[in-house]
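The block underneath contains the structure these notes are about, expressed in structure tokens.
Letters A, B, ... mirror the listed sequences (proteins, then strands); counts begin at 1. In this text, all values refer to a predicted model and were calculated from it rather than measured experimentally.
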Amino acid sequence: MTRRSAAVSFEDVMATTEFRPAPAAHITVDGDACRGCTTRACVTACPARLFVPIADGGILFNYEQCFECGGCYLVCNEKGAISWSYPEGGAGVVYRRG
Amino acid sequence: MRPLVAVCWKAVELRAGVDPLTGEIRPDPRSLGVSPADEAALEWALRAAEGTGAAVRVVSAGGPEADGVLRQAAAAGAAELVRVAIEPGSPSCEVARALAPHVAGAGLVWCGDVSLDRGSGAVPAFLAAELGVAQALGLLEVDLGAGAGGFSGLRRLDGGRRERLRVEGPAVASCEGGTARLRRASLHLMLEARRAPVRIEAAPPPRRPAPHVVGRAPFRPRARVVPPPPGEHAADRVRALIGAEAPAGRARVVTLGPEEAAEAILEALAAWGELP
Amino acid sequence: MAERFDAVVVGAGPAGSMAALQLARAGRSVCLLERGPFPGSKNLYGGVVYARVLDGILPRWAEEAPLERFVTRRVTMVLTATQSLAVDFRSSAWGEAPYNGATALRPEFDAWLAAQAEAEGAVLVCSTTATGLLVDASGAVVGVRTDRPGGEIGAGVVVACDGVNALLAKEAGLAEAPDPSHYTLGVKQVLRLPEAEIERRFGLAPGEGADFEILGGTGEVPGGGFLYTNRDTLSVGVVLSLDGLSRSAVRPEEVLAGLTAHPAIAPLVDGGEVVEFGAHLIPEAGLEMMPRLAGDGILVAGDAAGMCLAAGIWLEGVNFAMASGSAAGEAAAEALVAGDTTRRGLAGYEARLSSGFVLADHRRLRHAPGLVLSERVQRRYPEMVCNLVEELFTVRNPAPKPGVVQMARRAARRSGVGLGDLLRDGWRAWRTFG
Ligand SMILES: Cc1cc2nc3c(=O)[nH]c(=O)nc-3n(C[C@H](O)[C@H](O)[C@H](O)COP(=O)(O)OP(=O)(O)OC[C@H]3O[C@@H](n4cnc5c(N)ncnc54)[C@H](O)[C@@H]3O)c2cc1C
């Protein structure tokens, strides 16, 4: 039999899904708003682990492996800290078995 | 007649599924597209054509599945689409022979440097030979200048060297994907391209029996050369290499019970400096 | 404005393709916009499609649609950390026409449905995102803007089928600012297993499929799970309260790992090779979150209108999307013929939904989401029922068996459930589901 699903690293699991990177980010994060945020809901809720807290209190994020679900801007309680739209048509996640 | 700039595209699977157990490729026609290098080639052709008023013709050697991919070129602005029906897996020299008559007469023929499906990048070179024109292969940088039909470019040579070229006459150029990003098709051309005709041409019969792969060895990285270790006899050098270097007299044969044996091993390791 | 169609449908999901199909069938010119490289490429769900809504529209769907397996086994499961209780229902009738549900992969199913719309004459344009609405001086919607050069498209009616984030309905002022408690997050892995192994493991004949709906099993985050058999893959996932998730310190993939490691689930998914991972939101709140369905020049259908039915034991959205999209397409075509695409002219849409299952089901089940995600239903009742069954079947010889009533009382007490709670929730459940 092949590998057990539990033994596969998160990075390997993410690598099973296809992403076609867009030329520009479709998520922007307002670092100042994040520094005042205590809940950091985006960090736990994002299913692709795109949001990472950094030492200066801000949030580092990556948009290339985004599932485009929209969970981050919904859970964000610092009004307007996350602006979110869809990536350029044709770019972003491509499901084969969704 | 309107001047012509030609582009050669290869439709490939952008993301092939591979069975981890059997190594078998799982084809998925929805992932068919062209490499960033092929896209860059079209972009350079479109820019060159803008400067000279030329028409851009995109030619692909492949099966019917390539037609949809060719229409993406039409959406970006290519005026003519040609597909040369060819056996899949044909060798590079035959692909070049099939393409040649349909790009002959073009001022410049643009290609991607290598195709995504582990291509060798040999098609552009064969094509230049078929056409009897100059070649400028593996371009890292392209500058169309004033756009009188030529260009200058920087290309990669072996051993990390670079070469700057100035190309004037008819030539085959192949470029890397990073040289240009294909423009975004306008909505109008997207709608038009859905009905863009693809001219289908037959490939010429193979000239000579194609080279025939009889076996293929797995990929092996090249051996790294390291300076030979000191030592008079081969056995000493091998020992030094594998780290089994032991000062004479280290070896000791003892017969002990399990507990004392363990003790002795720990003692010896500590004495040799292997344990803190 | 260079491009013009009678109607523009945004989104080639099940709602959009059906809207475009109906418009094209009625002889209208229609552009179907999809932001993914092909229809379905952005769409992830559980997986079971209930396609009877297509009977009258695409009568050969059962033979022609790319379906994986017809569901003949439906297991409803309650999980606690260490226990599981399942109702395992099988019906061979579901394996024959007229069929019930079938597992399907959305990138295949949605592409097929969009192709049906194209076959009727709809113009499908992929890799193109609608970025906003074109509005005239009176405020009526007269087309969309896209992210392509020269990308404006004029239209008599815009049908917004752009899915759960509903950006167009919000822009049109039809939907309120979103409330995160109205959404759940679905996170899913697809695992590859040989076809025959799936049939052996789940006790299925070739072509037959199993559908596991799981209540609980998501640790401290309120939610549930699912497990579906495709031809040679399994879809396994969790559906999590977005609120609960952001309050907890647990990550979605950890909850999913917890589910796949549960003793009742692990043997079913063992050895599967992960071939895809993804996530998607579910509009969970039904009527509670439904926007106004029509404005001047615009209709909203499918998930964009919150029409997904997510009520614990049910997770249906594709059928609601197909039915609402179809109704929107018919109503838009009618309005175009009558030359009145104002809100009033488009009223045929809501009338159609009211006389069919879409709004009837949502009205009936309007309180279900709150009930299903409540603390008692999520945690205490599963525990109570599992404890009761454990008591029933644990043999404590030489001690004699206690009476069943006594056992039930003990199980309720152990789970912190009072008689009052039971009566109250029982009444709510009766009103909701009865
Ligand atoms: C985890 C999970 C499990 C589910 N399980 C089931 C199940 O088993 N059975 C069931 O019936 N339902 C299920 N559902 C619900 C179901 O997936 C949805 O209800 C259904 O997909 C809604 O269809 P739709 O056409 O309204 O929206 P979608 O399917 O979301 O389609 C919207 C389309 O619009 C496109 N789009 C969005 N914005 C734009 C734009 N601006 N421009 C161009 N295109 C755009 C998107 O790319 C997409 O193709 C599940 C959902 C989830 C998340």
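Around CD of B:E13, the count of heavy atoms belonging to other residues, nucleotides or ligands within 6.0 Å exceeds 12.
Residue B:V69 forms a side chain to side chain contact (heavy atoms under 4.5 Å, CB included) with just one option from B:V58, B:V12, B:V34, and that option is B:V34.
In this structure, the portions of C:E108 lying under 4.5 Å from any heavy atom of chain B include both its backbone and its side chain. Of the atoms belonging to B:L189, not a single heavy atom falls under 4.5 Å from chain C. Heavy-atom distances place the side chain of B:R194, and not its backbone, under 4.5 Å from chain C. Contacts between C:P37 and chain B at a heavy-atom distance below 4.5 Å are absent for every atom of the residue. Interface residue C:V125: only side-chain heavy atoms are found under 4.5 Å from chain B.
The aromatic rings of B:W110 and B:F151 lie tilted to each other, with the angle between the two planes from 30° to 60°.
You'll find the side chain of C:L105 stays beyond 4.5 Å of the side chain of C:Y45, heavy atoms only.
Atom SG of residue B:C111 and atom NZ of residue B:K10 lie 12.5 Å apart, to the nearest 0.5 angstrom.
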